[in-house]
Amino acid sequence: MSYNFKEVESKWQKYWSKNQVYKALNNNSLPKYYVMDMFPYPSGAGLHVGHPLGYIASDIYSRFKRHNGFNVLHPQGYDSFGLPAEQYAIQTGRHPVETTNENIKRYREQLDRLGFSFDWSREIRTSNKDYYKWTQWMFIKLYNSWYDYDSDKSKPVEELVNIFEKRGNTNINACVSDSIEFFNSEEWILFSESKKENILLCYRLAFLSEIDVNWCSKLGTVLANDEVVDGLSERGGHEVVRKKMTQWSIRISAFSERLLEGLKNIDWPDPLKEMQRNWIGKSEGALVKFDIENFEKKIEAFTTRVDTIFGVTFITLAPEHPFVSKITSKENKNKVDDYILESSKKTERDRISDVKTISGVFTGGHAIHPLTKKKLPIWISDYVLASYGTGAVMAVPCGDQRDYNFAKFFKIPIINIFKNVDISNEAYHSKDKYELINSKFLDGMNFHEATSKAIKELIKVDKGVHKVNYKLRDAVFSRQRYWGEPFPVYYKNNHPVMINEKYLPIILPDVDKYLPTEEGKPPLGNSKCWAWDIKKNKIVENSLIDNKNIFPMELNTMPGWAGSSWYFNRYMDPNNSDFFASKESLDYWREVDLYVGGSEHATGHLLYSRFWQYFLYDHNLVPVPDYAKKLINQGMILGNSAYIYRLNGSDKYFSYGLIKDKNVQAIHVDIKFVNSNNELNIDELKNWQPQFYNSKFELENNKFFVKREVEKMSKSKYNVVNPDEICDKYGADTLRLYEMFLGPIDQAKPWNTAGISGTFSFLNKFWNLFHKNDIFLINDQEPSKDELKTLHKTINKVCQDIENFSFNTAVSAFMICVNELNSLKCNNRLILKDLCILLSPFAPHICEELWSKLGYNQSISNVNYPIFNPEFVKESNIEYPVSFNGKLRFKLNLEISLNIDEIKKIILNHEKTPQYLNGKEIKKVIIVPRKIINIVC
RNA sequence: GCUUCGGUGGCGGAAUUGGUAGACGCGCUGGAUUCAAAAUCCAGUUCUUUCGAGAGUGUGGGUUCGAUUCCCACCCGAAGUACCA
């Protein structure tokens with residue numbers, strides 16, 4: 001007899017929703033606990049069984065916390081701006097709003113079936129105008145801020161203007177674009193408004209600049225660094241080229257050190273922190289200034305090996321370096337121009353894949369070594385990146401392999417500065433175990449001595465400073481897309497102007513076409529109504545643009561990470577129309593206590609959102625700088641794909657065992673047509689796709705076998721398993737338990753539908769313990785000692801496991817518990833009561849049902865969790881001695897409070913302790929303060 | 001190349017601070033029940049074996065009374081990152 005999960009699950013889902021059981025209140029005397037999932041992008045494909053993994057884990061934890069007396073906030077929402085909806089719109093002409101709403105509806109249905117305890121009254125969508133109003137508001141705030149390194153925080157731009165008026169910009173330690181000139185207060189006051197604007201733009205945290213961007217022509221948009229993988233777009237895998245464009249950027253680089261330091265204060269997985277550290281890429285070294293022959297400016301080169309300064313034999317600049325044209329001699333001009341042209345044609349991908357080729361051109365110019373005053377030839381080469389450091393390298397061929405290869409290839413001299421080191425074949429790049437020679441005052445020193453001495457000397461002659469460099473780049477914030485937040489910006493005399501926050505939100509206009517315009521402008525250029533009237537303070541028709549009262553609007557939209565960088569704050573007070581969240585709600589919920597999501601967002605969302613929160617914190621808009629105390633990454637659930645093999649150039653398929661060394665091509669087939677023995681149902685396959693209809697299938701023992709392979713679940717691999725099907729067949733509780741049972745939450749693990757019968761029969765066993773022929777049957781006596789022991793063992797284990805996020809072992813503990821109760825034939829009321837509460841975070845529906853059968857008419861959700869009582873699980877002091885590998889061991893209860901000599905005495909005098917072991921007399925007893933004691937002869 | 005994580009039966013995976021390796025589940029084998037099947041229940045299931053035992057947690061060493069666990073070297077796999085000066 002099995003329980004009717006369909007009836008039970010839909011009954012309780014309705015009950016929870018109707019009674020708003022999981023609604024969190026903003027004012028409550030209970031301690032708060034905030035559990036959040038990374039909100040999904042609602043794609044058209046719906047959910048597969050991999051998606052809910054993290055949601056199940058966070059749901060278990062939320063329910064557990066609720067049982068432990070916390071006021072739990074567990075919200076859910078949608079990251080609903082994004083590229084797929086837009087591409088679908090381009091293909092079909094349907095408005096992204098429509099398809100997004102449909103997808104969300106489908107997601108919601110699928111989520112609801114799994115019995116999550118989300119507080120849906122707080123649902124948010126980043127594409128709702130009431131939400132993106134605040135994204136726009138924060139953008140304006142970023143625009144009106146600059147970064148002050150002295151106090152290490154961002155501040156309002158008005159303060160900066162004050163400083164400029166009083167003492168110019170020479171003495172401020174701000175994060176600024178490199179093209180800044182110095183001025184004093186008198187000069188500032190005399191600057192034109194336009195010039196002032198341009199200068200301020202170099203300080204603003206949201207700024208416009210002409211930059212090299214990752215341009216993807218296929219997607220018609222620029223991409224952030226983390227959206228480019230191996231020189232191809234992350235979405236779609238299209239080619240990405242470098243291109244100069246005027247774009248909005250966010251000065252996240254100002255926050256590099258804080259983002260790095262802040263990692264110490266948050267309990268996030270170490271691998272993820274490590275990824276962020278690598279991405280920020282802090283390196284410490286020196287900035288060395290080289291005078292140039294016949295040119296007034298200096299080349300600045302960043303190096304981490306200033307100790308090798310006397311090994312410098314040439315300078316290499318990136319082809320894009322601004323000085324290149326200035327220092328190139330007449331006779332080298334043609335070659336240099338050719339080289340620059342050639343390297344600018346190369347895509348990012350070419351440059352990466354072509355690492356081995358050594359190329360470069362001598363400019364004809366020379367720099368002066370700051371300490372030896374020797375002439376150093378200046379070369380250009382594309383192994384030097386304009387985007388890292390200063391785009392200039394002081395080349396030390398004896399100590400750096402790339403410089404070495406370059407010098408050998410172009411026959412540039414190499415000076416050896418390492419004592420007793422052979423550099424005839426390769427450079428010596430180790431920082432340890434060397435002694436310097438040929439290095440004047442550094443001779444005889446090691447790395448640390450030489451580094452600090454060299455920096456001191458450089459400072460003395462004003463040719464260098466100590467410098468910390470970061471890889472982290474400013475983040476490009478403009479997207480040439482339709483389906484994103486519009487900027488609250490119009491242009492007046494080519495200067496961006498922020499629309500007053502009173503008039504937000506600036507609502508995304510409708511367009512006829514979602515493609516770029518014919519002139520190559522972003523899709524918003526297709527809108528007929530996208531101009532700003534400064535008199536009426538509203539959006540008006542384009543045709544009215546006169547650049548006096550009516551100005552053109554910004555045509556770009558914001559990237560996907562804009563809306564997701566602060567959404568955790570909005571859940572605290574999602575319907576507030578006066579502010580993104582009220583001060584009271586922010587002060588009550590403060591930060592996310594547990595954040596669950598995938599590690600693929602390590603260098604994207606999880607970095608941007610940390611930055612964004614620091615920024616809000618600097619302006620006293622949020623109460624804490626770190627928005628998520630603890631984060632766990634759920635691993636991916638992998639699919640079990642099926643392949644069949646076609647003989648190349650034919651229409652003939654071979655069963656897997658018949659392939660041997662035939663020349664075959666592997667083809668994915670839908671796993672629906674394959675049974676657990678890897679046999680393929682050929683008839684179903686033929687009906688699936690016409691290409692198989694007339695194909696020949698070579699059988700093996702009258703059967704056709706496929707090859708199985710574990711890989712990422714995806715529609716294109718035909719290996720997705722839909723949670724709806726599992727819910728239909730086994731129920732949500734079984735699915736929840738099984739997903740947790742598969743393995744550690746943070747590990748990738750393959751899905752195997754066959755294995756689900758284990759958790760399914762566990763729930764049936766549990767149900768049947770208290771049912772006879774579908775009738776609820778329990779006894780009201782005091783539980784037996786054995787029953788209590790089983791129960792409390794389980795309480796102890798499960799509570800520990802939940803706190804450690806070890807949900808797979810918790811499920812095992814439940815299975816052991818039910819097996820033991822089964823052999824005890826236990827149907828005790830009090831045991832069931834505690835077990836119901838204990839299991840309810842994992843399998844809420846069945847527990848809620850049994851709970852109501854016990855006669856309670858309140859939901860189980862807020863009942864106190866059972867408390868472990870160690871009295872019930874005590875064991876006897878000494879068990880039988882066991883012979884093991886020629887040794888004896890005893891099991892002792894840890895609670896014995898005897899000293900070691902007393903324990904020895906007990907053991908040696910114990911009636912079961914032999915005097916001899918393997919024919920030898922026992923002479924020595926070694927006590928290890930553990931459960932088990934060895935006696936060694 | 002660099003950084004990080006991992007390697008345990010046919011499979012997913014357990015194993016407190018070093019203390020009876022393989023919990024729990026799948027699969028498989030045998031049995032009960034059934035006209036039969038499904039479902040359910042019971043027993044067995046690391047390998048070798050001359051049935052006494054022996055070997056065994058990627059490989060080779062080391063520390064220890066004792067190592068899946070700690071240390072060293074190597075092999076393999078996954079993820080991230082990369083002309084980063």
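Proteins get letters first, then strands, A, B, ... in listed order; numbering begins at 1 in each.
- Side-chain contact of A/Ser641 with A/Glu711: a donor-acceptor pair under 3.5 Å is present, judged by distance alone.
- Distance noted for atom P between B/C75 and B/A85: 26 Å (whole Å).
- Separation of the P atoms belonging to B/A15 and B/G7 is 12 Å when rounded to the nearest angstrom.
- Atom OH in A/Tyr404 sits about 18 Å away from atom C1' in B/A85, given to the nearest Å.
- Glycosidic torsion of B/G10 falls outside 90° of 0, placing the base in anti.
- The aromatic rings of A/Phe410 and A/Trp379 are tilted relative to each other, their planes meeting at an angle between 30° and 60°.
- One interatomic measurement links the two molecules: NZ of A/Lys431 to P of B/A85, which rounds to 8 Å at whole-angstrom precision.
- The CD atom of A/Glu320 sits 13 Å away from the P atom of B/C83 (whole-angstrom rounding).
- For the pair A/Asp382 CG and B/C83 P, the computed distance is 11 Å after rounding to whole Å.
- The existence of a salt bridge linking A/Glu709 and A/Lys707 is confirmed by a sub-4.0 Å separation between a basic side-chain nitrogen and an acidic carboxylate oxygen.
- Taking atom C1' in both B/G10 and B/U46, one finds a spacing of 11 Å when rounded to whole Å.
- Side-chain atoms of A/Arg736 come within 3.5 Å of backbone atoms of A/Phe842 as a donor-acceptor pair (strictly under, hydrogens ignored).
- For the C1' atoms, the distance from B/G18 to B/C70 is 8 Å, rounded to whole Å.
- With respect to A/Glu257 and A/Lys282, a salt bridge is recorded, a charged nitrogen being found less than 4.0 Å from a carboxylate O.
- Residues forming a salt bridge (charged side-chain N to carboxylate O under 4.0 Å, His left out) with A/Asp474 (at least two apart in sequence, or on another chain): none.
- Defined by atom type and a distance below 3.5 Å, a donor-acceptor pair is missing between the side-chain atoms of A/Asn827 and A/Lys772.
- In this structure, A/Ala748 and A/Arg402 both approach RNA chain B, and ranking their closest nucleotides by distance from the 5' end singles out A/Ala748.
- With C1' as the reference atom, B/U8 and B/C72 are 22 Å apart, rounded to whole Å.
- Distances from the side chain of A/Met275 to the nucleotides B/G13, B/C84, B/G80 place B/G80 closest.
- Mapping A/Pro750 and A/Arg473 onto RNA chain B via the closest heavy atom, the residue that lands nearer the 5' end is A/Pro750.
- Not one N or O on the side chain of A/Asn678 forms a donor-acceptor pair closer than 3.5 Å with the backbone of A/Val674.
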Dot-bracket for RNA chain B, please. Rules: Watson-Crick or G-U, both distances under 3.5 Å, ( ) within the strand, [ ] when a pair crosses earlier ones, | for another strand, . otherwise. (((((((..(((......[....)))((((((.......))))))(((....)))..(((((..]....))))))))))))....
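- Ion pairing between A/Lys467 and A/Glu284 fails under the 4.0 Å rule for side-chain N and carboxylate O.
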Between A/Tyr738 and A/Trp751, does the ring pair (Phe, Tyr, Trp, His ring centres under 6.0 Å) criterion hold? Intermediate values first, please. CA-CA 10 Å; A/Tyr738 186 54; A/Trp751 177 264; 5.3 Å; yes
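- In this structure, A/Arg305 places its CZ atom 14 Å from P of B/C84, rounding to the nearest Å.
- Residues passing the ring pair (Phe, Tyr, Trp, His ring centres under 6.0 Å) test with A/Tyr656, sequence neighbours excluded: A/Tyr645.
- The ring pair (Phe, Tyr, Trp, His ring centres under 6.0 Å) test applied to A/Tyr434 returns A/Phe418, not counting sequence neighbours.
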Below 3.5 Å is the cut-off: list the nitrogen or oxygen pairs between protein and nucleotides 23-27 of chain B, distance only.
{"unit_1": "B/G25", "atom_1": "OP1", "unit_2": "A/Asn819", "atom_2": "ND2", "d": "3.2"}

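- Separation of the P atoms belonging to B/U29 and B/A21 is 30 Å when rounded to the nearest angstrom.
- The CG atom of A/Leu763 sits 13 Å away from the P atom of B/U40 (whole-angstrom rounding).
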Check the interface with nucleotides 1-8 of chain B: list each N/O to N/O pair with the protein under 3.5 Å, or write none.
{"unit_1": "B/U3", "atom_1": "O2'", "unit_2": "A/Glu274", "atom_2": "OE2", "d": "3.4"}

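- Distance check on atom P: B/U68 versus B/U20 gives 10 Å, rounded to whole Å.
- Using a 4.0 Å heavy-atom cutoff across all strands shown, A/Lys749 reaches sugar-phosphate atoms only and no base atom.
- Atom pair A/Asp801:CG and B/A14:P shows a separation of 11 Å (rounding to whole Å applied).
- Taking atom C1' on both nucleotides, B/C24 is separated from B/A14 by 7 Å, rounded to a whole Å.
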Run A/Phe406 and A/Phe314 through ring pair (Phe, Tyr, Trp, His ring centres under 6.0 Å) and show every step you take. CA-CA 10 Å; A/Phe406 196 83; A/Phe314 60 103; 5.6 Å; yes
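- Distance CG (A/Leu737) to C1' (B/G13): 16 Å, rounded to an integer number of Å.
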